[in-house]
Amino acid sequence: MSSFCREVITLQLGHYSNFAGTHWWNLQDASLSYDPETLPGEIQSDVVFREGQTLGGHVTYTPRLIAMDLKGSLRTLRQEGSLYDAGKDTSAVTWDGSIMMHEQSPPAKNSFLEDLDKLDKGEILAQADFPSSSQPQCSAAGALSVDTVNSHLARVQKSYRLEGSVKVWSDFLRIHLHPRTISVIHQYNHDGEAHRLEAFGQGESLLQGSVLEELEDRLHFFVEECDYLQGFQVLCDLADGFAGLGSKVTELLHDSYGGRGILTWGMLPVSHPDSTPVKDLYRLLNCTLGMVHMASHSSLFCPLTLRGGLGRRPSSPMTFTHLSYDPSLWYHSSSVLALALDTLTAPYRLRNNSVPMWQLADDLAVSGRKVVAAYGAVPFPMMHGSSLPDALSTYTDVLPWRPLSGCAEAGDGRCYGQWATLKGFEGQKLIRLHSGEDVLASYIRSFYPSAPLALQLVSTPSKLAPPFPQIFSQSLGAQGFLEGQPPLPGSPPRVVSSVPVMTSLQSGPALDPWLSELHRGASTFDIRRVAPSFLSQGPEVTDYQEALEQLRLLARCYRDDSRGVMRSSSEEEDDD
């Protein structure tokens, strides 16, 4: 098949989405190579990255990305970035009177950002960290090449333990961004009690005036330089007012770029540091309204969370056999979701045999079922040197993945459609007598005998680089495969530099009780009495009630009558 590039534009809306997005872009950056003698990789980086040029004529490679967040969310990161810095423009200063200066110290940078600054200037971190035969090589711009930065940061990975210093997503961002990437919403604050973006209606009303003009300008900039734009991947916070903004943004994309794929990932952290009963109620309402509206305007909508559910009282956070992460740390939980997202998005980023966004959506969003649930084995457990059949034989009674949308699998073999992707079997004995696709398809069909199934196998693993958190168990080796022996007592901890991951996107009857539970949670109280301030900036009560009805009908789309036939309205009323 043709390997021409079908570009994707990414939008990240909200602070947690930018946490997950930052990890995701760091993963992409860790896999980049500019060595002309290296064969092109399986993942075509030009799908999500763009090539540009600075005012000095130096070539740049930056994400095709629009990231929106609130005032005070950037800390040390400059909104316009540093690649295209033309210096300060003082031509507009005309005041001749006296001036009083109020100077404020900038936020302190953590050790990782300090080292990035040094490397970016072509400086050496520490002479002892680099062998004499491998001195840093500077580019024409005077900064280290990406390959050099990657390898040199890897040597000092042991020094980066950022769990106590990460406050915002820019605290662990390792790549340069284009000046048109970051859009700060100044009407609302990231911190503090006043002027917070807490309700769906606040977000909806934002997309007008200067905010709308700025977004349209940035979209036009990135769209016009694409030759074969396949669509947009949108990461949007579901728990706050960004759910309302995301609803309007996806509506804008749907109306302005018809025929392009819109894959929307609704992002939810496990917990919030400022939780109260009222705020938890707001988050439930935002999630409910956001899912209904974004699903209607997207080709496909999938919540991503490590919570045990989407309601106000979810079960315990997801656990993974070979991960040791802190669910309360956004820096940790977003890294797990980013690893899963790296595999979930791989099918439409491949150099060869890629699957366009629209095809991925069409395979799953049948009969109006545009909401899907994600599952992931992070990492996929394979013994070093073993074969795929050997790895799968360990899981004969239960699939190796865990819910990534708060939706448990039905466990009864019913599913309307499924996309499964295995990424990272590089160097393993994949097959014995049959192809890897046949082996994996046969295994999954033993659990879902009659469900439509699409598969994608990618040999390249997700490559980890500083400052990705070391949240992996000591049973894993450097390549993320299981080791037969634990590390010797007193030996340094194993540092995992890559991991295999398996994911699944599913549309099936399991989504009926999951969506119905969300509907019940948002319908059991009178919003005008319990949360009147939620409606102060919209939506109207009638619009809210209409959204609840749409959610109820959406849940019914997934109700199965042995072959997934939707029930008639009279049958639905009988059930009620």
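All values derive from a computational prediction rather than experimental measurement.
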When you check the side-chain N and O atoms of [X] and [Y], is any donor under 3.5 Å from an acceptor?
| X | Y | answer |
| --- | --- | --- |
| Tyr16 | Ser333 | yes |
| Ser387 | Asp390 | yes |
| Gln479 | His384 | no |
| Thr460 | Glu42 | yes |
| Gln233 | Tyr348 | yes |
| Thr10 | Arg64 | no |

If the condition is salt bridge (charged side-chain N to carboxylate O under 4.0 Å, His left out), which residues does [X] pass it with, not counting sequence neighbours?
| X | answer |
| --- | --- |
| Glu549 | Arg552 |
| Asp412 | Arg414 |
| Asp171 | Arg75 |
| Asp363 | none |

Next on the checklist: By the definition side-chain contact (heavy atoms from CB on, under 4.5 Å), identify the one residue from Val234, Thr264, Leu235, Asp237 that meets it with Leu13.
Outcome noted: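 Result for side-chain contact (heavy atoms from CB on, under 4.5 Å) with Leu13: Val234.
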Next on the checklist: By the definition side-chain contact (heavy atoms from CB on, under 4.5 Å), identify the one residue from Leu173, Leu27, Val168 that meets it with Thr22.
Outcome noted: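 Among Leu173, Leu27, Val168, the one meeting side-chain contact (heavy atoms from CB on, under 4.5 Å) with Thr22 is Leu173.
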Would you please indicate if the ring centroids of [X] and [Y] are separated by under 6.0 Å?
| X | Y | answer |
| --- | --- | --- |
| Trp25 | Phe49 | yes |
| His322 | Phe472 | no |
| Phe19 | His23 | no |

Donor-acceptor under 3.5 Å ([X] side chain, [Y] main chain):
| X | Y | result |
| --- | --- | --- |
| Gln359 | Pro356 | no |
| Gln230 | Arg6 | yes |
| Tyr375 | Cys407 | yes |
| Tyr558 | Leu515 | no |
| Ser386 | Met382 | no |
| Asn286 | Glu198 | yes |
| Ser247 | Ala243 | yes |
| Ser498 | Pro461 | no |
| Thr250 | Gly246 | yes |
| Ser335 | His332 | yes |

Any non-hydrogen side-chain atom of [X] less than 4.5 Å from a side-chain atom of [Y]?
| X | Y | result |
| --- | --- | --- |
| Val378 | Val499 | no |
| Ile444 | Leu455 | yes |
| Phe222 | Ile66 | yes |
| Cys302 | Val372 | yes |

Item to check | Nearest heavy-atom neighbours spanning Ala522 and Leu285 | outcome: CB-CD2, 4.4 Å
Spacing of [X] atom [atom1] and [Y] atom [atom2] [to the nearest 0.5 Å]:
| X | Y | atom1 | atom2 | answer |
| --- | --- | --- | --- | --- |
| Cys236 | Leu268 | SG | CG | 10.0 Å |
| Asp29 | Lys463 | CG | NZ | 12.0 Å |
| Leu392 | Phe380 | CG | CZ | 4.5 Å |
| Leu263 | Met357 | CG | CE | 4.5 Å |

Next on the checklist: Which residues pass the side-chain hydrogen bond (donor to acceptor under 3.5 Å, both in side chains) test with Thr319, not counting sequence neighbours?
Outcome noted: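 Per chain and number, Thr319 pairs via side-chain hydrogen bond (donor to acceptor under 3.5 Å, both in side chains) with no residue.
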Next on the checklist: Holding to side-chain hydrogen bond (donor to acceptor under 3.5 Å, both in side chains), I want the full list of residues that pass it with Asn18, two or more places apart in sequence or in another chain.
Outcome noted: Gln12, Asp69
Which salt bridge (Lys or Arg N to Asp or Glu O under 4.0 Å) pairs, counting each pair once, include a residue from [range], with sequence neighbours left out?
| range | result |
| --- | --- |
| residues 494-518 | Asp512-Arg559 |
| residues 251-275 | Lys248-Glu251, Asp274-Lys279, Asp274-Arg283 |
| residues 331-350 | Asp342-Arg349, Asp342-Lys423 |

Next on the checklist: Pair His272, Ser275 - check side chain to side chain contact (heavy atoms under 4.5 Å, CB included), show working.
Outcome noted: CA-CA 6 Å; His272 292 80; Ser275 289; 3.7 Å; yes
Checklist entry - Mind checking what makes side-chain contact (heavy atoms from CB on, under 4.5 Å) contact with Ser328, not counting sequence neighbours? => result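 Ser271, Asp326.
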Item to check | Pairs where residues 499-509 contributes a residue and the test side chain to side chain donor-acceptor pair (under 3.5 Å) is met, not counting sequence neighbours | outcome: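 Only Glu409-Gln506, Gln418-Ser504, Gln418-Gln506, Tyr448-Gln506, Ser504-Gln506 qualify under side chain to side chain donor-acceptor pair (under 3.5 Å).
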Next on the checklist: Strictly by ring pair (Phe, Tyr, Trp, His ring centres under 6.0 Å), give each pair with a member in residues 283-315 just once, sequence neighbours left out.
Outcome noted: Phe200-His293
